[in-house]
Amino acid sequence: MLRWSGGVLLSVAAAYYVYTPLPSTVSEPWKLILLDALFRSFIHAVGLTVCEGCGLGKHLRIVIEPWSSPTVSVTDSALGGVPARVFQPVGGGAKLRRGVLYFHGGGWALGSGRKLPLCPRASYRLAPDAVFPDQYHDALAASKAFLSPEVLQRYGVNPARVGVSGDSSGGNLAAAVAQRVHARKRTHIIQALIYPVLQALDLNTPSYQQNHNVPILHRHLMARFWLIYLGADPSLLPHLLSSPSSLLHPSIPPSIRSHLNWTSLLAAKHQKHYRPVGMETGSREVMGIVPGLVDVRAAPLLAEQGILGRTPRAYVMTCEFDVLRDDGLMYARRLQDAGVTVTSVHYDDGFHGCMVFSFWPFWSSVGQRSLDNYIQWLDHNL
(Lines give C-alpha, C1' and ligand atoms only; values in the text may rest on other atoms or scores of the structure.)
Protein backbone atom coordinates (compact mmCIF):
# COMPACT_ATOMS: atom_id res chain seq x y z
CA MET A 1 0.00 0.00 0.00
CA LEU A 2 2.83 2.38 0.89
CA ARG A 3 4.60 1.58 -2.37
CA TRP A 4 1.39 2.19 -4.33
CA SER A 5 0.74 5.50 -2.55
CA GLY A 6 4.28 6.61 -3.23
CA GLY A 7 3.89 5.76 -6.89
CA VAL A 8 0.70 7.77 -7.11
CA LEU A 9 2.36 10.75 -5.44
CA LEU A 10 5.27 10.66 -7.88
CA SER A 11 2.90 10.32 -10.83
CA VAL A 12 0.72 13.22 -9.72
CA ALA A 13 3.71 15.44 -8.99
CA ALA A 14 5.34 14.67 -12.33
CA ALA A 15 2.09 15.16 -14.22
CA TYR A 16 1.36 18.46 -12.49
CA TYR A 17 4.70 19.92 -13.51
CA VAL A 18 5.46 17.81 -16.56
CA TYR A 19 5.24 20.82 -18.86
CA THR A 20 7.99 22.71 -17.07
CA PRO A 21 9.99 24.13 -19.98
CA LEU A 22 13.65 23.15 -19.92
CA PRO A 23 16.50 23.92 -22.31
CA SER A 24 17.26 21.04 -24.65
CA THR A 25 20.91 20.87 -23.57
CA VAL A 26 20.34 20.58 -19.82
CA SER A 27 21.66 17.35 -18.34
CA GLU A 28 19.03 14.61 -17.95
CA PRO A 29 16.00 16.94 -17.80
CA TRP A 30 13.46 14.38 -16.57
CA LYS A 31 15.35 13.88 -13.32
CA LEU A 32 15.45 17.62 -12.80
CA ILE A 33 11.74 17.95 -13.55
CA LEU A 34 10.88 15.17 -11.12
CA LEU A 35 12.93 16.59 -8.25
CA ASP A 36 11.56 20.07 -8.86
CA ALA A 37 8.01 18.68 -8.98
CA LEU A 38 8.46 16.84 -5.70
CA PHE A 39 9.86 19.95 -4.02
CA ARG A 40 7.10 22.23 -5.28
CA SER A 41 4.39 19.68 -4.56
CA PHE A 42 5.59 19.43 -0.97
CA ILE A 43 5.44 23.20 -0.57
CA HIS A 44 1.89 23.29 -1.91
CA ALA A 45 0.77 20.25 0.07
CA VAL A 46 1.72 21.67 3.45
CA GLY A 47 0.50 25.13 2.56
CA LEU A 48 3.83 26.86 3.03
CA THR A 49 5.25 29.72 1.00
CA VAL A 50 8.68 31.18 1.44
CA CYS A 51 7.43 34.62 0.49
CA GLU A 52 5.22 34.74 3.60
CA GLY A 53 8.28 34.39 5.80
CA CYS A 54 6.90 31.38 7.64
CA GLY A 55 9.18 28.91 9.33
CA LEU A 56 9.75 26.73 6.30
CA GLY A 57 13.18 25.84 7.54
CA LYS A 58 11.58 24.25 10.61
CA HIS A 59 9.50 21.89 8.51
CA LEU A 60 11.67 21.10 5.50
CA ARG A 61 14.98 19.55 6.51
CA ILE A 62 16.15 17.15 3.82
CA VAL A 63 18.81 15.29 5.73
CA ILE A 64 20.91 12.31 4.76
CA GLU A 65 22.25 11.14 8.09
CA PRO A 66 25.79 9.81 7.69
CA TRP A 67 27.29 7.37 10.12
CA SER A 68 30.75 6.21 11.05
CA SER A 69 32.39 3.45 9.05
CA PRO A 70 35.65 1.51 9.25
CA THR A 71 37.34 4.31 7.29
CA VAL A 72 35.48 7.49 8.40
CA SER A 73 34.58 8.67 11.88
CA VAL A 74 31.51 10.95 12.11
CA THR A 75 31.00 13.02 15.26
CA ASP A 76 28.97 16.04 16.33
CA SER A 77 30.83 18.98 17.76
CA ALA A 78 30.77 22.77 17.90
CA LEU A 79 33.01 25.41 16.37
CA GLY A 80 32.84 28.80 18.00
CA GLY A 81 29.51 27.83 19.51
CA VAL A 82 28.13 26.79 16.11
CA PRO A 83 26.95 23.16 15.75
CA ALA A 84 29.09 21.18 13.32
CA ARG A 85 29.39 17.64 12.07
CA VAL A 86 32.97 16.46 11.76
CA PHE A 87 34.20 13.79 9.34
CA GLN A 88 37.63 12.34 10.06
CA PRO A 89 39.50 9.50 8.38
CA VAL A 90 40.20 6.57 10.65
CA GLY A 91 43.88 5.85 11.17
CA GLY A 92 46.55 7.62 9.13
CA GLY A 93 49.13 7.72 11.86
CA ALA A 94 50.71 10.97 13.00
CA LYS A 95 50.63 12.62 9.58
CA LEU A 96 48.84 15.97 9.57
CA ARG A 97 45.63 16.05 7.53
CA ARG A 98 43.98 18.55 5.24
CA GLY A 99 40.75 20.19 6.36
CA VAL A 100 37.81 22.03 4.80
CA LEU A 101 34.96 23.80 6.60
CA TYR A 102 31.81 23.52 4.49
CA PHE A 103 28.68 25.71 4.68
CA HIS A 104 25.50 24.13 3.31
CA GLY A 105 23.12 25.84 0.92
CA GLY A 106 19.35 26.33 1.14
CA GLY A 107 18.75 30.06 0.80
CA TRP A 108 19.95 30.67 4.39
CA ALA A 109 16.58 29.19 5.41
CA LEU A 110 16.60 25.48 4.52
CA GLY A 111 18.82 22.48 4.95
CA SER A 112 21.20 21.19 7.56
CA GLY A 113 24.94 20.91 8.01
CA ARG A 114 24.43 17.27 8.96
CA LYS A 115 24.40 15.74 5.51
CA LEU A 116 26.52 14.29 2.74
CA PRO A 117 29.87 13.25 4.20
CA LEU A 118 32.29 15.41 2.24
CA CYS A 119 33.97 17.35 5.03
CA PRO A 120 33.27 19.18 8.33
CA ARG A 121 30.01 21.14 8.00
CA ALA A 122 28.78 24.03 10.13
CA SER A 123 25.06 24.38 10.89
CA TYR A 124 24.47 28.11 11.01
CA ARG A 125 21.17 29.49 12.27
CA LEU A 126 18.37 29.60 9.72
CA ALA A 127 15.93 32.28 8.59
CA PRO A 128 13.36 33.50 9.42
CA ASP A 129 14.19 32.83 13.09
CA ALA A 130 17.64 34.27 12.42
CA VAL A 131 18.32 36.96 9.82
CA PHE A 132 21.38 38.75 8.47
CA PRO A 133 23.95 39.20 9.88
CA ASP A 134 23.32 36.23 12.20
CA GLN A 135 24.23 33.61 9.60
CA TYR A 136 27.34 35.55 8.65
CA HIS A 137 28.39 35.86 12.28
CA ASP A 138 27.90 32.10 12.77
CA ALA A 139 29.99 31.34 9.70
CA LEU A 140 32.72 33.72 10.81
CA ALA A 141 32.76 32.35 14.37
CA ALA A 142 32.95 28.77 13.11
CA SER A 143 35.73 29.67 10.67
CA LYS A 144 37.82 31.47 13.26
CA ALA A 145 37.44 28.54 15.63
CA PHE A 146 38.27 26.02 12.91
CA LEU A 147 41.41 27.96 11.95
CA SER A 148 42.58 28.36 15.55
CA PRO A 149 45.77 26.48 16.51
CA GLU A 150 43.91 24.64 19.28
CA VAL A 151 41.22 23.17 17.01
CA LEU A 152 43.63 22.37 14.19
CA GLN A 153 45.86 20.54 16.65
CA ARG A 154 42.89 18.70 18.17
CA TYR A 155 41.90 17.27 14.79
CA GLY A 156 45.43 16.87 13.48
CA VAL A 157 45.00 19.36 10.62
CA ASN A 158 47.91 21.04 8.87
CA PRO A 159 47.42 24.84 9.31
CA ALA A 160 48.88 25.40 5.83
CA ARG A 161 46.34 23.08 4.18
CA VAL A 162 42.88 24.31 5.16
CA GLY A 163 39.98 25.93 3.38
CA VAL A 164 36.39 27.16 3.45
CA SER A 165 33.76 26.03 1.00
CA GLY A 166 30.02 26.02 0.39
CA ASP A 167 27.26 25.76 -2.16
CA SER A 168 24.69 28.43 -3.10
CA SER A 169 23.97 30.45 0.08
CA GLY A 170 26.76 28.44 1.72
CA GLY A 171 29.06 29.68 -1.05
CA ASN A 172 27.95 33.20 -0.16
CA LEU A 173 29.02 32.66 3.45
CA ALA A 174 32.30 31.03 2.43
CA ALA A 175 33.17 33.97 0.16
CA ALA A 176 32.27 36.52 2.83
CA VAL A 177 34.32 34.65 5.43
CA ALA A 178 37.31 34.35 3.09
CA GLN A 179 37.27 38.12 2.57
CA ARG A 180 37.21 38.83 6.28
CA VAL A 181 39.62 36.19 7.55
CA HIS A 182 42.20 36.57 4.82
CA ALA A 183 42.06 40.37 4.72
CA ARG A 184 42.74 40.63 8.45
CA LYS A 185 45.46 38.00 8.68
CA ARG A 186 47.50 36.17 6.09
CA THR A 187 46.34 32.65 6.74
CA HIS A 188 47.05 29.79 4.36
CA ILE A 189 43.56 28.87 3.24
CA ILE A 190 41.66 28.29 0.02
CA GLN A 191 38.06 29.09 -0.94
CA ALA A 192 35.89 26.77 -3.02
CA LEU A 193 32.55 28.23 -4.09
CA ILE A 194 29.85 26.05 -5.67
CA TYR A 195 27.26 28.02 -7.69
CA PRO A 196 27.43 30.84 -5.10
CA VAL A 197 24.83 33.58 -4.63
CA LEU A 198 26.76 36.83 -4.30
CA GLN A 199 24.46 39.81 -4.84
CA ALA A 200 20.81 40.91 -5.02
CA LEU A 201 21.11 44.38 -6.52
CA ASP A 202 20.65 43.07 -10.05
CA LEU A 203 18.17 40.25 -10.54
CA ASN A 204 18.18 40.99 -14.25
CA THR A 205 21.63 39.77 -15.21
CA PRO A 206 21.65 37.62 -18.37
CA SER A 207 21.51 34.42 -16.30
CA TYR A 208 18.51 35.70 -14.34
CA GLN A 209 16.78 36.65 -17.58
CA GLN A 210 17.67 33.40 -19.35
CA ASN A 211 16.91 31.03 -16.46
CA HIS A 212 14.15 32.85 -14.59
CA ASN A 213 11.88 29.80 -14.67
CA VAL A 214 14.44 26.96 -14.79
CA PRO A 215 14.30 24.48 -11.88
CA ILE A 216 15.33 24.19 -9.13
CA LEU A 217 16.05 27.80 -8.25
CA HIS A 218 13.54 30.09 -9.95
CA ARG A 219 14.15 33.83 -10.03
CA HIS A 220 11.21 34.69 -7.78
CA LEU A 221 12.28 32.06 -5.24
CA MET A 222 15.80 33.50 -5.03
CA ALA A 223 14.31 36.96 -4.48
CA ARG A 224 12.16 35.57 -1.66
CA PHE A 225 15.17 33.95 -0.04
CA TRP A 226 17.01 37.27 -0.17
CA LEU A 227 14.18 39.18 1.51
CA ILE A 228 13.85 36.60 4.28
CA TYR A 229 17.61 36.50 4.83
CA LEU A 230 17.83 40.28 5.05
CA GLY A 231 14.86 40.48 7.42
CA ALA A 232 12.85 42.53 4.95
CA ASP A 233 9.09 42.72 4.50
CA PRO A 234 8.00 39.99 2.04
CA SER A 235 5.67 42.54 0.44
CA LEU A 236 8.78 44.09 -1.13
CA LEU A 237 9.06 41.10 -3.47
CA PRO A 238 7.43 42.83 -6.48
CA HIS A 239 9.67 45.85 -5.99
CA LEU A 240 12.83 43.74 -5.84
CA LEU A 241 11.80 41.79 -8.93
CA SER A 242 10.75 44.87 -10.89
CA SER A 243 13.73 47.03 -10.00
CA PRO A 244 15.88 48.01 -12.97
CA SER A 245 19.29 46.47 -13.50
CA SER A 246 21.95 47.81 -11.19
CA LEU A 247 23.58 49.51 -14.16
CA LEU A 248 20.47 51.66 -14.58
CA HIS A 249 19.32 52.10 -10.98
CA PRO A 250 19.75 55.77 -9.95
CA SER A 251 20.24 54.96 -6.26
CA ILE A 252 23.34 52.81 -6.79
CA PRO A 253 26.67 54.72 -6.63
CA PRO A 254 28.97 54.39 -9.66
CA SER A 255 31.60 52.68 -7.50
CA ILE A 256 29.21 49.83 -6.76
CA ARG A 257 27.92 49.68 -10.32
CA SER A 258 31.40 48.90 -11.57
CA HIS A 259 31.49 45.82 -9.35
CA LEU A 260 28.30 44.56 -10.99
CA ASN A 261 28.86 45.71 -14.55
CA TRP A 262 28.18 42.47 -16.37
CA THR A 263 28.50 44.20 -19.73
CA SER A 264 32.24 44.34 -19.04
CA LEU A 265 32.71 41.47 -16.58
CA LEU A 266 30.96 38.73 -18.56
CA ALA A 267 32.22 37.13 -21.76
CA ALA A 268 30.10 37.74 -24.84
CA LYS A 269 28.96 34.10 -24.90
CA HIS A 270 27.27 34.62 -21.54
CA GLN A 271 25.87 38.07 -22.29
CA LYS A 272 24.27 36.72 -25.49
CA HIS A 273 21.50 39.01 -26.69
CA TYR A 274 20.52 40.27 -23.23
CA ARG A 275 20.61 43.93 -22.23
CA PRO A 276 20.33 45.77 -18.90
CA VAL A 277 16.68 45.99 -17.91
CA GLY A 278 15.11 49.34 -17.10
CA MET A 279 11.59 49.49 -15.68
CA GLU A 280 9.58 52.53 -14.71
CA THR A 281 7.93 50.48 -11.98
CA GLY A 282 11.22 49.78 -10.25
CA SER A 283 11.33 50.99 -6.66
CA ARG A 284 13.94 53.62 -5.92
CA GLU A 285 13.37 53.26 -2.19
CA VAL A 286 14.16 49.57 -1.84
CA MET A 287 17.89 50.25 -1.29
CA GLY A 288 17.13 52.43 1.69
CA ILE A 289 14.55 50.06 3.12
CA VAL A 290 16.82 47.02 2.80
CA PRO A 291 20.37 48.25 3.59
CA GLY A 292 21.70 44.70 3.53
CA LEU A 293 21.52 44.79 -0.26
CA VAL A 294 24.69 46.92 -0.31
CA ASP A 295 26.44 45.27 2.65
CA VAL A 296 29.50 43.33 1.45
CA ARG A 297 29.00 40.78 4.21
CA ALA A 298 25.74 39.81 2.51
CA ALA A 299 26.88 40.53 -1.04
CA PRO A 300 30.58 39.61 -1.40
CA LEU A 301 30.60 40.61 -5.07
CA LEU A 302 30.41 44.26 -3.95
CA ALA A 303 33.77 44.14 -2.13
CA GLU A 304 36.46 46.61 -3.11
CA GLN A 305 39.29 45.41 -5.31
CA GLY A 306 41.81 45.81 -2.51
CA ILE A 307 39.89 43.39 -0.30
CA LEU A 308 39.49 40.88 -3.12
CA GLY A 309 43.21 41.03 -3.82
CA ARG A 310 43.93 39.77 -0.30
CA THR A 311 41.64 36.76 -0.51
CA PRO A 312 42.99 33.21 -1.04
CA ARG A 313 43.14 31.27 -4.27
CA ALA A 314 39.71 30.20 -5.38
CA TYR A 315 37.63 27.58 -7.10
CA VAL A 316 34.38 28.92 -8.55
CA MET A 317 31.88 26.54 -10.11
CA THR A 318 29.02 27.81 -12.26
CA CYS A 319 26.25 26.23 -14.31
CA GLU A 320 24.73 27.47 -17.55
CA PHE A 321 21.12 26.90 -16.50
CA ASP A 322 21.27 28.66 -13.14
CA VAL A 323 20.06 32.15 -12.24
CA LEU A 324 23.24 32.51 -10.14
CA ARG A 325 25.57 31.73 -13.04
CA ASP A 326 26.61 35.34 -13.59
CA ASP A 327 27.20 36.01 -9.88
CA GLY A 328 29.90 33.33 -9.92
CA LEU A 329 31.36 34.32 -13.28
CA MET A 330 31.60 38.00 -12.32
CA TYR A 331 33.19 37.12 -8.98
CA ALA A 332 35.77 34.89 -10.66
CA ARG A 333 36.60 37.70 -13.10
CA ARG A 334 36.91 40.30 -10.32
CA LEU A 335 39.13 37.99 -8.28
CA GLN A 336 41.36 37.41 -11.31
CA ASP A 337 41.54 41.15 -12.00
CA ALA A 338 42.61 41.62 -8.37
CA GLY A 339 45.50 39.18 -8.86
CA VAL A 340 43.97 36.12 -7.19
CA THR A 341 44.62 32.68 -8.68
CA VAL A 342 41.19 31.39 -9.75
CA THR A 343 40.00 28.12 -11.22
CA SER A 344 36.68 28.89 -12.90
CA VAL A 345 34.78 25.75 -13.87
CA HIS A 346 31.60 26.08 -15.93
CA TYR A 347 29.18 23.32 -16.92
CA ASP A 348 27.27 24.00 -20.12
CA ASP A 349 24.72 21.32 -19.22
CA GLY A 350 24.62 22.11 -15.50
CA PHE A 351 21.82 23.54 -13.36
CA HIS A 352 21.58 24.88 -9.83
CA GLY A 353 22.12 22.17 -7.26
CA CYS A 354 23.43 19.68 -9.79
CA MET A 355 26.22 18.45 -7.52
CA VAL A 356 23.72 16.66 -5.27
CA PHE A 357 22.77 14.67 -8.39
CA SER A 358 25.93 12.66 -7.87
CA PHE A 359 24.07 10.49 -5.37
CA TRP A 360 21.22 8.03 -5.62
CA PRO A 361 18.32 8.28 -6.49
CA PHE A 362 18.87 11.34 -8.71
CA TRP A 363 22.30 10.51 -10.10
CA SER A 364 23.24 12.37 -13.27
CA SER A 365 26.31 12.74 -15.42
CA VAL A 366 26.81 16.45 -14.67
CA GLY A 367 26.35 15.80 -10.97
CA GLN A 368 29.09 13.17 -10.94
CA ARG A 369 31.41 15.27 -13.12
CA SER A 370 30.97 18.34 -10.94
CA LEU A 371 31.63 16.44 -7.72
CA ASP A 372 34.68 14.66 -9.16
CA ASN A 373 36.15 17.93 -10.44
CA TYR A 374 35.54 19.68 -7.12
CA ILE A 375 37.24 16.92 -5.13
CA GLN A 376 40.11 16.77 -7.62
CA TRP A 377 40.71 20.50 -7.24
CA LEU A 378 40.69 20.21 -3.47
CA ASP A 379 43.10 17.29 -3.69
CA HIS A 380 45.53 19.34 -5.81
CA ASN A 381 45.20 22.64 -3.95
CA LEU A 382 44.97 21.70 -0.30
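Quick note: numbers below take in every heavy atom, side chains included, and nothing from hydrogens, waters or symmetry partners.
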Evaluation steps, side chain to side chain contact (heavy atoms under 4.5 Å, CB included), between Glu304 and His259: CA-CA 8 Å; Glu304 296 295 332; His259 301 164; 3.6 Å; yes
Verdict with reasoning, Thr75 to Ser73, per side chain to side chain contact (heavy atoms under 4.5 Å, CB included): CA-CA 7 Å; Thr75 58; Ser73 170; 3.9 Å; yes
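A 6.0 Å sphere centred on CD of Gln305 holds more than 12 heavy atoms belonging to other residues, nucleotides or ligands.
With sequence neighbours left out, Ala223 forms a side chain to side chain contact (heavy atoms under 4.5 Å, CB included) with Leu203, Leu237, Leu240, Leu241. Every residue meeting the side chain to side chain contact (heavy atoms under 4.5 Å, CB included) condition with His212, not counting sequence neighbours, appears here in chain and number order: Arg219. Every residue two or more places apart in sequence or in another chain was checked for a ring-ring contact (aromatic ring centres under 6.0 Å, His included) with Trp262, and none qualifies. Partners of Ser365 by side-chain hydrogen bond (donor to acceptor under 3.5 Å, both in side chains), not counting sequence neighbours, listed by chain and number: Arg369.
In this structure, Ser123 and Val82 approach most closely via the heavy-atom pair O-CG1, 3.6 Å.
Each of Leu329, Val323, Leu324 was scored for a side-chain contact (heavy atoms from CB on, under 4.5 Å) with Asp326, with one residue passing: Leu329.
Classified by interplanar angle (parallel below 30°, tilted 30° to 60°, perpendicular above 60°), the ring pair Tyr102/Tyr374 is perpendicular. Between Trp108 and Trp226, the ring planes lie tilted relative to each other; the angle falls in the 30° to 60° range.
The ring of His104 has its center closer than 6.0 angstrom to the ring center of Tyr124.
Applying the salt bridge (Lys or Arg N to Asp or Glu O under 4.0 Å) test to pairs two or more places apart or on separate chains, those with a residue in residues 261-273 are Lys272-Glu320.
Hydrophobic clustering places Leu301 together with Leu217 (ILVMFWY residues linked when any side-chain heavy atoms are closer than 4.5 Å, directly or through intermediates).
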Sequence neighbours left out, cut at 3.5 Å: what donor-acceptor pairs do the side chains of residues 335-345 make with other protein atoms?
residue : atom : partner : partner atom : Å
Asp337  : OD1  : Arg333  : NE           : 3.3
Asp337  : OD2  : Arg333  : NE           : 3.1
Thr343  : OG1  : Trp377  : NE1          : 3.0

